[in-house]
Novice: 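Pasting a structure below so you can have a look.
Note that the coordinates shown come from a computational prediction; the quantities given were computed from them, not determined experimentally. Chain letters run A, B, ... following the sequence lines, proteins first, then strands; residues in each count from 1.
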Amino acid sequence: MIKKTIIWLKNDLRLSDNRALSHACKGNNKILFLYILDETPAIGAASKWFLYKALKSFKEDIKQKYNADLLIKSGNSKDIIDQIAKKYDIDSIVYNRVYEPDAIKRDAKIKEYFQQMNLEVKTFNSSLLFEPSKIKNLSGSYFKVFTPFWKKCLTQISNIDAPHKIPKSLELIKLEQNEGLNLQDLNLLPQSPNWAKNWDSLYKVSEEEAHNLAEDFMNNRMLNYVEGRDFPATNNTSFLSPYLHFGLISPKQIYFKSMIFSGNAGLNHFLSEIGWREFSYYLLYYFPDLPQKNFKSKFDSFPWENNKEDLEKWQKGMTGFPFIDAGMRQLWNTGWMHNRVRMVVASFLTKNLLIDWRIGERWFWDCLVDSDLAANSASWQWVAGSGADAAPYFRIFNPITQSQKFDPKGEYIRKWVPEIAHLSDKEIHYPVHRDEYPEAMVDLKFSRNRALAIYKKIS
DNA sequence: TGAAATGTTGGGGCG
DNA sequence: ACGCCCCAACATTTC
């Protein structure tokens, strides 16, 4: 008997190691590829650009490999699936789980609804190495500190099943003419101004490219990862974050690919970065308010100043601190910022400017191509000190020292803050008022001590 | 996945 | 030769 199956795509825009897809291809199934733009949560502007490219590539891939079309819809997921299920006489719905709190709630309702309608609903984990519900500490509760969490995960890492291959062939449900939307109709691309007009040269977005990046990283930079990862002027990180977020590559694929470096320090470090991603999802799973609420409630009484002009200077990269401004401009112009610099600008915003981490989180959310609710909120809380296993309150980065350490020749600064590119390697780290370039917006010593006093009081 | 303040040590200049 | 001081350089403590 032939079963008609919807494969409901979310942040799993790939054909290889797509657990829901490989399941749907087993047995006597006819498949309908469905993508619904159901913004839960609302997607940031830069991420929308990446999503557009990812969908475009996925659409092309299924066309080329299976001569399949992607049915694109926008709106309420349940209503849309319901309508399609009825129209095409669907028997079964399969999808890979997502782990954002609102989406979990939404999907639970959807699953229940269709099961009651006697449809088969099958879900899979295709975006995490470890299912959050399966990792617990000895007392049966959840880990709140990264190291023991990751240690526990590592004891189970050899159980991870190998990535699935791309299904060779599949049967299709024939779509009616003009069913669904054109990709353009989703309004994912910026119009006026089109700030992403040169982004095609920055990102090739495809499943194939995700694997190329992973391999390029492993072949050329993994061995130097421990040291190299900290220098924003160099290209020593994997650059995989947006591809991971939208599922153009899975963490299991990355893990298996990286096994040739087994035992290497670079690999362990790299895997622990994957581990932080897992930990972020894990925390979000057990503490669904993570994007809004301080994990440590002591921080609820933190006297944030939230000065609007200060925030704007930070957002525009006009703080007068070259390293900070380089980072903020890299973010604005490219939708990405080097991890080392993310920590420094976040520390500056929360500690030197006393601006609420949630405001910084929102800015990153809108500007990053790799915006990820779990990673973004967990990381901002980590920097602010309000998070689980957070940086201690007194760990305040000095943007000048960080600049001297991690951009010793000022290459990163020169690239993004050209107004001061003529300064010497020595001078370039220090705030200088030059023409359009502003004076330092705060006194580091003063603002540091002010933050210390406040943090000391509330913790 | 800090930085600054404070403490300790040891070499060298000097009377 | 010796004690004294200075001050890097490193170590420890504190925030």
Novice: Once side-chain hydrogen bond (donor to acceptor under 3.5 Å, both in side chains) is applied, what residue pairs with a partner in residues 142-152 of chain A remain, sequence neighbours excluded?
Specialist: A:S141-A:K144
Novice: Go through the side-chain N and O atoms of A:S347 and A:R395 and say whether any donor and acceptor fall under 3.5 Å apart.
Specialist: no
Novice: Partners of A:F299 by ring-ring contact (aromatic ring centres under 6.0 Å, His included), sequence neighbours excluded?
Specialist: A:Y455
Novice: Among residues at least two apart in sequence or on other chains, which ones pass side chain to side chain contact (heavy atoms under 4.5 Å, CB included) with A:P101?
Specialist: A:L284, A:P288, A:L373
Novice: Heavy-atom contacts under 4.0 Å between residues 274-287 of chain A and DNA chain B, which residues?
Specialist: A:W276
Novice: In whole angstrom, give the distance that lies between atom CG of A:N268 and atom C1' of B:dT1.
Specialist: 16 Å
Novice: Name all pairs fulfilling the side-chain hydrogen bond (donor to acceptor under 3.5 Å, both in side chains) condition that reach into residues 429-442 of chain A, sequence neighbours left out, sorted by first residue then second.
Specialist: A:D325-A:Y437, A:S403-A:H429, A:Q404-A:Y430, A:H422-A:R434
Novice: Rounded to the nearest angstrom, tell me the gap between atom NZ in A:K351 and atom P in B:dA4.
Specialist: 14 Å
Novice: Of the candidate nucleotides B:dT1, B:dA5, C:dC15, which contains the atom at the shortest distance from the side chain of A:R340?
Specialist: B:dT1
Novice: Do the two ring centres, one from A:Y281 and one from A:Y285, sit under 6.0 Å apart?
Specialist: no
Novice: How many Å lie between CG on A:D389 and P on B:dT1, as a whole number?
Specialist: 11 Å
Novice: Round to the nearest Å and state the distance from A:N449 atom CG to B:dA5 atom C1'.
Specialist: 11 Å
Novice: If you look only at pairs with a residue in residues 363-381 of chain A, which of them pass as a salt bridge (charged side-chain N to carboxylate O under 4.0 Å, His left out), with sequence neighbours excluded?
Specialist: A:R342-A:D370
Novice: Given atom CG of A:N352 and atom C1' of C:dC15, what is their separation to the nearest angstrom?
Specialist: 14 Å
Novice: Between C1' on B:dA5 and CG on A:L452, what's the gap in Å once rounded to a whole number?
Specialist: 12 Å
Novice: Between atom CZ in A:R448 and atom P in C:dC15, what is the gap in whole Å?
Specialist: 11 Å
Novice: Once ring-ring contact (aromatic ring centres under 6.0 Å, His included) is applied, do any residues pair with A:F295, and if so which ones, sequence neighbours excluded?
Specialist: A:F287
Novice: Write out all pairs satisfying side-chain hydrogen bond (donor to acceptor under 3.5 Å, both in side chains) with one or both partners inside residues 331-340 of chain A, taking only residues at least two apart or from two chains.
Specialist: A:D230-A:R340, A:R340-A:Q402
Novice: Can you list, in residue-number order, the parts of residues 390-410 of chain A that come under 4.0 Å of DNA chain B, counting heavy atoms only?
Specialist: A:F394, A:R395, A:I396, A:F397, A:N398, A:T401, A:Q402, A:K405
